[in-house]
Visitor: 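Sharing a structure here in structure tokens format.
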Amino acid sequence: MHLKDIIKLVDGMPLNPEVDLNIKIRGVCGADLMSDVLASSQPKAVLLTGLTNPQVVRTAQIAEFRAIIFVRGKQPQAETIDIATQEKMPLISSPFGMFELCGRLHKAGLPSFESNEPAS
Amino acid sequence: MSPRARTPTEQEAHGRRGRPITDHDAHEINRVEELSYDLKISDVMSVDLHSASPEMPLSKVLDILRINRISGLPVVEEGKLAGILSIEDIVRAMQKNDLSAPASQYMTREVTTAVSYDSIIKALRTFTERGLGRLPVLDENHKLVGMLTKGDITRGILVALQKDYQEEEVRRYRASHLFEDIISERTTLVLRYTIKAGDFTQGGKASSHIKRALIRLGADPQITRRCCIAVYEAEMNLIIHTTNGGILKLEVEPHRITMSATDDGPGIADTEKVFQPGYSTATEEVREMGFGAGMGLVNMKRCVDSIELNSTVGKSTKLVMRIFVPDQTFGASRDGQNNEPSKNH
């Protein structure tokens, strides 16, 4: 699914619109624990998270996410947006909570890109 | 406005304001727009300059235009631009059967000019706003130094883009064949990064550079991912847990990648316990950032082929991780992303 369609679906607001939003998203991963993101995600997904510090962008970049959606209308600090723009990672703010976002994206046909293996 | 001016089309007059810019446009245009600001008019203008004197008969001007296959000629008097002659001006003279008249009689005297040290974006705006086909280019002393057409700008941008592309290609080629081209008994590429304690804003930067380096070296995407997740966790550990930060080091060899993180304290009391999922000594503050869940070393272990942790409390900690890479990993694929590995190297 195109990121632009996802943005519409989640009433999203691009926070760094200068980054290319014309990209394809293969799946979704929702997490507030960065180690979980690193341990159990697959590439080319969008990350739903409530964390807004610069580490989220680094983590997403290392784990090869294609975009980040912040839940409940959260606004990241300026450094987060700067790093994301530098690394060409689209940031989107959505007014919805984590559950609602997961529901909307799942219903629209996006698969989970979280692995089902137990963490240990 | 000069008599040669034609009405600019809607799109030219408004740039792209006539329609909304799509993101696709934005992506495509970016580098070209960047170049429009970077490139100077002097970089793209024609300097092979033909000109007429005010006294030159129009029949001679016509010859110059025809022989050089150009459609306009500046008229220069004592090095300064006096006017400009275009095909249309010559046609006017021909209609009156007046080709023996001097250039000064039919030339356009009020000439819109460009300045050599301006960006080409300025000339593009002038072309668009005035609907002109060519601009004489003056230097800082108002001396005529060149002529500029839209074609010159297009050519200049294409040449610059091609140069970008070639440089990128050459860089990629050089890096991805590094291990094939350098012959030694043992070639090792060492990347070394100093990581500061508590510097969360920079956290992950080294890993991000490592990722780029591995892709550049043509490493397999799967190996790049495993390696980067492991070094990122290690980098964050240096930031979160050390007293004075530490050194993150990556040694790339054709058959293996060795990652190490060393620091001078505080040291780990129980080096086995830290491999238990969920065991963590991180502060609440660190946990709020999404780290410190006690999964770091577990995660690293999962990503690498061997992991070794040595620590002396109050002294130092050294973590060494290795990933063994199959033959042909480096340099097998030119961009490290999707090319089929070629076996004939």
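On a predicted model such as this, the values are computed, not experimentally measured, just so you know. Residue numbers begin at 1 in each chain, while the letters A, B, ... track the order of the sequences.
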Visitor: Are the side chains of C227(B) and L250(B) in contact, using a 4.5 Å heavy-atom criterion?
Guide: yes
Visitor: Looking at E288(B), R287(B), R212(B), which makes the most heavy-atom pairs under 4.5 Å with chain A?
Guide: R212(B)
Visitor: How about V304(B) and R322(B): do any of their side-chain heavy atoms sit closer than 4.5 Å?
Guide: no
Visitor: Carefully, step by step, assess T271(B) and N310(B) under the rule side chain to side chain contact (heavy atoms under 4.5 Å, CB included).
Guide: CA-CA 7 Å; T271(B) 52; N310(B) 289 303; over 6 Å; no
Visitor: Can you tell if the side chain of F70(A) reaches within under 4.5 Å of the side chain of L15(A), non-hydrogen atoms only?
Guide: yes
Visitor: Using a strict cut-off of less than 4.0 Å between a Lys/Arg side-chain nitrogen and an Asp/Glu carboxylate oxygen, indicate whether D220(B) and R226(B) qualify as a salt bridge.
Guide: no
Visitor: Kindly compute the distance separating CZ (F65(A)) from CG (L48(A)), expressed to the nearest 0.5 Å.
Guide: 9.0 Å
Visitor: Considering only heavy atoms, which portion of F200(B) lies under 4.5 Å from any heavy atom of chain A: side chain, backbone, both, or neither?
Guide: both
Visitor: Is there a side chain to side chain contact (heavy atoms under 4.5 Å, CB included) between R66(A) and L3(A) once you walk through the steps?
Guide: CA-CA 9 Å; R66(A) 290 206 161 157; L3(A) 180 59; over 6 Å; no
Visitor: Under the side chain to side chain contact (heavy atoms under 4.5 Å, CB included) criterion, do K211(B) and V231(B) qualify, and how do the steps go?
Guide: CA-CA 10 Å; K211(B) 182 177 179 180; V231(B) 289; over 6 Å; no
Visitor: Can you tell which part of N53(A) gets under 4.5 Å to a heavy atom of chain B, answering side chain, backbone, both or neither?
Guide: side chain
Visitor: Tell me, for Q55(A) versus chain B, whether the close heavy atoms (under 4.5 Å) come from the side chain, the backbone, both or neither.
Guide: both
Visitor: Indicate yes or no: at least one non-hydrogen side-chain atom of M321(B) is less than 4.5 angstrom from one of M300(B).
Guide: yes
Visitor: Side chain, backbone, both or neither: which part of T59(A) has a heavy atom under 4.5 Å from chain B?
Guide: both
Visitor: Do V37(A) and T49(A) have side chains that approach each other closer than 4.5 Å (heavy atoms only, starting at C-beta)?
Guide: no
Visitor: Enumerate by number any residue of residues 84-101 of chain A whose heavy atoms lie under 4.5 Å from heavy atoms of chain B; in the absence of such residues, state 'none'.
Guide: E87(A)
Visitor: Go through it in stages, so that I can follow the logic: the residues are R225(B) and E64(A), the test is side chain to side chain contact (heavy atoms under 4.5 Å, CB included), and I'd like the CA-CA distance, side-chain angles, deciding distance and then a yes or no.
Guide: CA-CA 8 Å; R225(B) 183 179 164 86; E64(A) 297 171 66; 3.1 Å; yes
Visitor: So R58(A) and S208(B), do their side chains get closer than 4.5 Å, heavy atoms only?
Guide: yes
Visitor: Chain A contacts: which residues in residues 236-249 of chain B have a non-hydrogen atom closer than 4.5 Å to it?
Guide: M236(B)
Visitor: Given that the side chain runs from C-beta out, which part of L51(A) has a heavy atom under 4.5 Å from chain B: side chain, backbone, both or neither?
Guide: side chain
